[in-house]
Amino acid sequence: MRACFAILGLPLVALLHGTAMAQDAKSGYVYLDAETQAMQDDEFANPGMLTVERGEKLFREAGQNGQSCADCHGNDGERLSKSAIARYPVFDPLLKRPVTLQERINICWEDRMDNIPYVYDCTDLVALETFVRHLAKGEPVNVDVNGALRTYFEAGKSLYNTRFGQINLACVHCHDDHAGQYLRGQRLSQGQSNGFPEYRMGSGKVTSLHGRFSECFRAFRAEPFEAGSSEYINLEIYLHARGNGLPIETPAVRY
């Protein structure tokens, strides 16, 4: 039986070779106008909080064996470690592969509660992820890629720099080369992941990080990878590590 959120205590990784350093990384929040920043900051005005509330409800619901997430982690998730949440994705030595926060929740959902596991990125699983990550709001992102995750980090970095689709663009072109400039009236950010899952004003819903990857691939006129695929998990590892030191903002509000 796997232990929920069982993570080795690791020091904060302040600097990572080949990634954006904490002092250089800028959250997408700084690229927002004052009105949208105010919307994100006010929990009563932030539309993403509806998804947090949905996740909180699921967190407290009993599974097939009568157990709930709250039975292990506290009614409000108060027994979950904020610093452990901020370390995801992590390398799971039992599974011998990286595990995202969404996957860890799904593992617990199945192993601890005898529920049928969710499909990766489905609405309810994203709601649970949003609730759990919101518990660590303000905690600095701290993904350690100096050990077992390094190979996956490098694969994600390679994907980030690979051109895709009919438009022949890579993530790096928008989010490194032209961050701060405007594209079709929208200011490009560094593409940091510290706010995910986040509320997208364009779609009017909360979007997971993998969901946002797919939106970008479609914008490139490229075939997206599947949510939960090894490619997207590698890219998630790279983006989180690239933004180490940025505070978690879930649910962020973005255009």
Side-chain angles (χ1 to χ4, degrees), residues 2-10 12-13 48 51-52 54-56 58-59 69-70 72-74 76-95 97-113 115 117-145 148-149 152-153 156 192-199 206-214 226-252:
R2 306 181 190 94
C4 303
F5 298 93
I7 306 301
L8 294 173
L10 297 171
L12 177 65
V13 181
T51 300
V52 172
R54 171 62 180 160
E56 184 177 25
L58 291 167
F59 189 83
C69 304
C72 287
H73 303 301
D76 298 316
E78 65 272 12
R79 292 199 290 271
L80 284 170
S81 166
K82 294 180 181 180
S83 60
I85 293 169
R87 294 183 192 126
Y88 276 86
V90 299
F91 186 83
D92 188 312
L94 295 178
L95 296 176
R97 64 172 178 83
V99 171
T100 66
L101 180 59
Q102 192 176 131
E103 283 186 297
R104 179 66 69 198
I105 294 167
N106 212 18
I107 288 168
C108 293
W109 191 256
E110 181 180 11
D111 286 0
R112 297 287 186 175
M113 298 164 63
N115 287 330
Y118 285 119
V119 173
Y120 202 101
D121 242 18
C122 74
T123 301
D124 282 352
L125 187 53
V126 171
L128 278 163
E129 180 190 16
T130 305
F131 169 69
V132 171
R133 196 158 169 85
H134 176 69
L135 294 173
K137 186 177 180 181
E139 189 75 16
V141 176
N142 181 26
V143 177
D144 183 4
V145 296
L149 282 184
Y152 305 95
F153 166 85
Q192 299 291 350
S193 56
N194 58 306
F196 282 91
E198 63 186 23
Y199 180 82
V206 166
T207 300
S208 72
L209 184 57
H210 290 200
R212 183 58 183 160
F213 291 160
S214 290
E226 292 290 332
S229 65
S230 60
E231 291 86 0
Y232 277 179
I233 290 174
N234 292 341
L235 189 55
E236 177 174 350
I237 291 166
Y238 174 70
L239 286 187
H240 280 324
R242 177 174 172 265
N244 271 345
L246 291 175
I248 292 174
E249 297 177 16
T250 307

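Basis for what follows: all heavy atoms, side chains included, without hydrogens, waters or symmetry-related copies. In this chain, residues are counted from 1 in sequence order.
- Without hydrogens or angle criteria, Asn106 side chain to Gln102 main chain gives no donor-acceptor distance under 3.5 Å.
- Here the side chain of Arg79 pairs a donor or acceptor atom with the backbone of Cys72 at under 3.5 angstrom.
- Within 6.0 Å of atom NZ in Lys82, 12 or fewer heavy atoms from other residues, nucleotides or ligands are found, so the atom counts as exposed in its surroundings.
- Using a 4.5 Å heavy-atom threshold, the side chains of Glu129 and Thr100 count as separate.
- Inter-residue side-chain proximity for Ile233 and His210 is flagged as met; some heavy-atom pair is nearer than 4.5 Å.
- Inter-residue side-chain proximity for Ile85 and Glu139 is flagged as unmet; no heavy-atom pair is nearer than 4.5 Å.
- Ile237 is listed as a side-chain neighbour of Pro98, based on a closest heavy-atom distance under 4.5 Å.
- Screening Val132, Val206, Thr130 for a side chain to side chain contact (heavy atoms under 4.5 Å, CB included) involving Val52 leaves a single residue, Thr130.
- Here the straight-line distance linking atom CZ of Phe153 with atom CG of Leu239 works out to 10.0 Å at 0.5 Å rounding.
- Between the side chain of Glu231 and the backbone N or O of Ser229 there is no donor-acceptor pair closer than 3.5 Å.
- Across all non-hydrogen atoms, the minimal contact from Gly243 to Val141 is O-CB, 3.9 Å.
- Put simply, SG on Cys108 and CG on Asn115 are 11.5 Å apart, with the number rounded to the nearest 0.5 Å.
- Within the model, atoms NE2 of His240 and CG of Leu149 stand 11.5 Å from one another, a figure rounded to the nearest 0.5 Å.
- Two residues are said to be in side-chain contact when any heavy atoms from C-beta on lie closer than 4.5 Å; Ser83 and Asn142 fail this criterion.
- The side-chain heavy atoms of Ile107 and Arg112, taken from C-beta on, include no pair separated by under 4.5 Å.
- Closest of all the heavy-atom pairs between Gly245 and Pro140 is O-CB, 3.8 Å.
- Taking each heavy atom of Gly195 and Glu249 in turn, the nearest pair found is CA-CB, 4.0 Å.
- In this structure a side-chain-to-backbone donor-acceptor pair under 3.5 Å is missing from Arg212 to Thr207.
- Considering every non-hydrogen atom in both Pro247 and Asn194, the closest pair reads O-ND2, 2.8 Å.
- Scanning all heavy atoms of the two residues, the minimum distance from Tyr120 to Glu103 falls at CE1-CG, 3.4 Å.
- Formation of a donor-acceptor pair under 3.5 Å by the Asn244 side chain with backbone atoms of Val143 is found in this model.
- A distance of 11.5 Å separates CG of Leu235 from OG of Ser230, quoted to the nearest 0.5 Å.
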* Test Tyr232 against Ser214 for side-chain hydrogen bond (donor to acceptor under 3.5 Å, both in side chains), laying out the working first. => CA-CA 9 Å; Tyr232 277 179; Ser214 290; 3.0 Å; yes

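- Two rings, from His134 and Phe131, have their centers 6.0 Å or more apart.
- Partners of Thr123 by side chain to side chain contact (heavy atoms under 4.5 Å, CB included), not counting sequence neighbours: none found.
- Leu80 is listed as a side-chain neighbour of Phe59, based on a closest heavy-atom distance under 4.5 Å.
- Closest heavy-atom contact between Arg133 and Ser193: NH2-O, 4.2 Å.
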* Asked: Under the side chain to side chain contact (heavy atoms under 4.5 Å, CB included) criterion, do Cys69 and Met113 qualify, and how do the steps go?
  -> CA-CA 8 Å; Cys69 304; Met113 298 164 63; 3.9 Å; yes

* Please lay out, stage by stage, how Glu198 and Leu209 fare under the test side chain to side chain contact (heavy atoms under 4.5 Å, CB included). => CA-CA 8 Å; Glu198 63 186 23; Leu209 184 57; over 6 Å; no

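- Rounding to the nearest 0.5 angstrom, the gap separating the CD atom in Glu236 from the CZ atom in Phe213 is 6.5 Å.
- In this structure, CD1 in Ile105 is found 6.5 Å from CG in Leu125, a value given to the nearest 0.5 Å.
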